[in-house]
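The first residue of the sequence shown is numbered 1, and numbering continues consecutively from there. All ligand and atom numbering here is 1-based and tracks the order in the structure.
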Amino acid sequence: MTDAPHVTVDPFAGAVRKFGEPHPARAVLRAAGPIVQAEAPAGGPVWIITDDVLAREVLIHPQIVKDPAYAPASWDPRTAGLEPAAAAQPSLTTYDGPAHERLRRAHAPLFTARRMSDYSDRIAAHAHQLLTGLADAGGTVDLMADFTTRFPLTVVCDVLGVPLDRIDQAIAACRGMYSDDPEEVGAAMAAFGELAAAALSDGRDGLAVELLDRIPNEITETQLHYLLFTLIYAGQLTTDPSLGFLLARVFAAEGATSEATTIDEFVRETLRLHPPAPFSLWRFTSADVELAGVRLPARSPVLIDIQGINTDPGRSIGPDLTFGAGPHYCTGAQLAQLELRAVVEVLRSGFPRARLAVPLAELRQVDLGGIQGSRLAALPVRLRG
Ligand code: HEM
């Protein structure tokens, strides 16, 4: 049994780099081995998996769990960005084993490709309406400021049944989650509660109401609000930066040089190269575990380097890890891809002369730090050429 090699680069540092410039830590992590040790943002070691096969083993390992109750005792849950422990708050993202399976069974049938395809026309209509509004305002628009957050929130709220006059509230709540001020985060969570309650109110007929009928009986109304918060927030947090990268690639005409022959393939390729969740969410060992000859004591934090694995030049072709794998595979994968495809289609059909308002080389992406991904700082575009 050996120790995992320690890396000296900080894979969690915030930074600004050119769009498309590789993240400086990825190759270093990969070169160090299939499992490497770094300093966790909340202190102490974190074990990072850089190998595709080992990652898939970890993602189904019964003793590598999501429940923050197993986080290192020294971590401050707030600075570590941890959710409440599973015993305090049921969530797809913190439940493990049979409890997680039950919650998945409640959610999964609502988000299948077939169910989501029922919303295709509405999703395209939202994209068209929002882009038309921006184009009509004339001149240059920053799609990162005025489109990439609003569009996925409009879609996920519409699908869940949140009234669409509450989108500004949803945007403010999502932005509030980035605050360092616990009061602002508390206010954002309260706003999410109101959005959830609105989706469940009399006469609403979105998926929130269907979820209410499907969740296990012991789940309280407040706990259901949290489940709905997870869907809204996860639906914005990821699709928002992805839209920026996708649109930048469309404007850069990378479609012409990419291997993708269809819009779906172009979307998948973008997601593989620019996964909005560059690391998995936190996992922890619930007992001593051995991985690739390395012993991890109980309560060790483990992350999957999704971006590093997706872009590993030595990786054999197969499904990427953009949406994860195993029991926690992304619930919204079909919805997200539908949204991304719809935007490319609407842009091509409705705004054929749209172009970047600055040279591609001027686009910057901001690594937000920690396990958060990166996001284009701005995407200035002239929608009518
Ligand atoms: C491009 C867009 C998206 C990407 C790349 C993405 C990525 C991911 C990844 C990697 C995971 C697994 C995390 C882990 O195992 O540690 C995940 C889980 C999840 N995602 Fe997404 N996601 C996206 C969009 C969405 C949308 C639109 C929704 C909402 C409908 C959503 C809801 C969820 C939920 C609820 C989970 C937790 C599932 C579970 O733990 O069982 N995601 N996502």
Participant: Just distance, no hydrogens or angles: give the donor-acceptor pairs under 3.5 Å from side chains in residues 29-42, sequence neighbours left out.
Facilitator:
residue	atom	partner	partner atom	Å
Arg30	NH1	Gly308	O	2.6
Glu39	OE2	Gly44	N	3.4

Participant: Could you check whether Ser91 and Thr93, counting side-chain N and O atoms only, form a donor-acceptor pair closer than 3.5 Å?
Facilitator: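 Result is yes, a qualifying pair exists.
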
Participant: Could you check whether any side-chain N or O of Thr285 sits under 3.5 Å from a backbone N or O of Ser300, counting only pairs where one atom can act as donor and the other as acceptor?
Facilitator: yes

Participant: Is it the case that the side chains of Asp305 and Thr50 hold a donor-acceptor pair, with the cut-off being a distance below 3.5 Å and no angle test?
Facilitator: no

Participant: Closest non-hydrogen protein atom to atom 37 (C) of ligand 1, residue and atom name please, with distance?
Facilitator: Thr93 CG2, 3.7 Å

Participant: Ring centroids only, cut at 6.0 angstrom: are His126 and Tyr119 within range, meaning strictly under it?
Facilitator: no

Participant: What about the rings of Tyr70 and Phe284, do their centers lie closer together than 6.0 Å?
Facilitator: no

Participant: With heavy atoms of His100 as the reference, note each atom of ligand 1 found under 4.0 Å away.
Facilitator: 39 (C), 40 (O), 41 (O)

Participant: Over 60° means perpendicular and under 30° means parallel, so classify the ring planes of Phe245 and Phe19, tilted if in between.
Facilitator: parallel

Participant: Is the shortest distance from a Lys or Arg side-chain nitrogen in Asp320 or Arg315 to a carboxylate oxygen in the other one below 4.0 Å?
Facilitator: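 Arg315 and Asp320: not salt-bridged.
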
Participant: At a 4.0 Å threshold, what atoms of ligand 1 neighbour a non-hydrogen atom of Thr322?
Facilitator: 5 (C), 7 (C), 10 (C)

Participant: Provide, to 0.1 Å, the distance between atom 5 (C) of ligand 1 and the closest protein heavy atom, together with that atom's residue and name.
Facilitator: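 For atom 5 (C) of ligand 1, the nearest protein heavy atom is Pro276 CG, 3.3 Å.
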
Participant: Please report the C-alpha distance between Asp264 and Arg268 in whole Å, then the side-chain angles of each, then the deciding distance to 0.1 Å, and finally whether the salt bridge (Lys or Arg N to Asp or Glu O under 4.0 Å) criterion is met.
Facilitator: CA-CA 6 Å; Asp264 279 337; Arg268 274 316 298 211; over 6 Å; no

Participant: Considering only heavy atoms, does Ile304 approach ligand 1 within less than 4.0 Å through its side chain, its backbone, both, or neither?
Facilitator: neither

Participant: Could you tell me which atoms of ligand 1, counted from 1 in the order shown, lie closer than 4.0 angstrom to a heavy atom of Arg104?
Facilitator: 38 (C), 39 (C), 41 (O)

Participant: Which of the atoms of ligand 1 are close to Leu231, meaning less than 4.0 Å from one of its heavy atoms?
Facilitator: 29 (C), 35 (C)

Participant: Nearest non-hydrogen contact with atom 15 (O) of ligand 1 belongs to which option: Met116, Lys66, Arg283, Glu101?
Facilitator: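 Selected option, by shortest heavy-atom distance: Arg283.
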
Participant: For ligand 1, which atoms have a heavy atom of Leu271 less than 4.0 angstrom away?
Facilitator: 1 (C)

Participant: What protein heavy atom is closest to atom 40 (O) of ligand 1, reported as residue, atom name and distance in Å?
Facilitator: His328 ND1, 2.6 Å

Participant: So is Ser242 close enough to ligand 1, meaning a heavy atom under 4.0 angstrom away?
Facilitator: yes

Participant: Ligand 1 and Leu335, any nitrogen or oxygen pair closer than 3.5 angstrom?
Facilitator: no

Participant: Does a donor on one side chain sit under 3.5 Å from an acceptor on the other, for Glu83 and Tyr226?
Facilitator: yes

Participant: Please give me the protein atoms (N, O or S only) lying under 2.8 Å from atom 21 (Fe) of ligand 1, ordered by chain and number.
Facilitator: Cys330 SG

Participant: Any chance CD1 of Ile60 has more than 12 other-residue heavy atoms, nucleotides or ligands included, within less than 6.0 Å?
Facilitator: no

Participant: For a salt bridge (Lys or Arg N to Asp or Glu O under 4.0 Å) check, start with the C-alpha distance between Arg384 and Asp136, then their side-chain angles and the critical distance, and finish with the verdict.
Facilitator: CA-CA 9 Å; Arg384 299 227 162 95; Asp136 288 349; 2.9 Å; yes

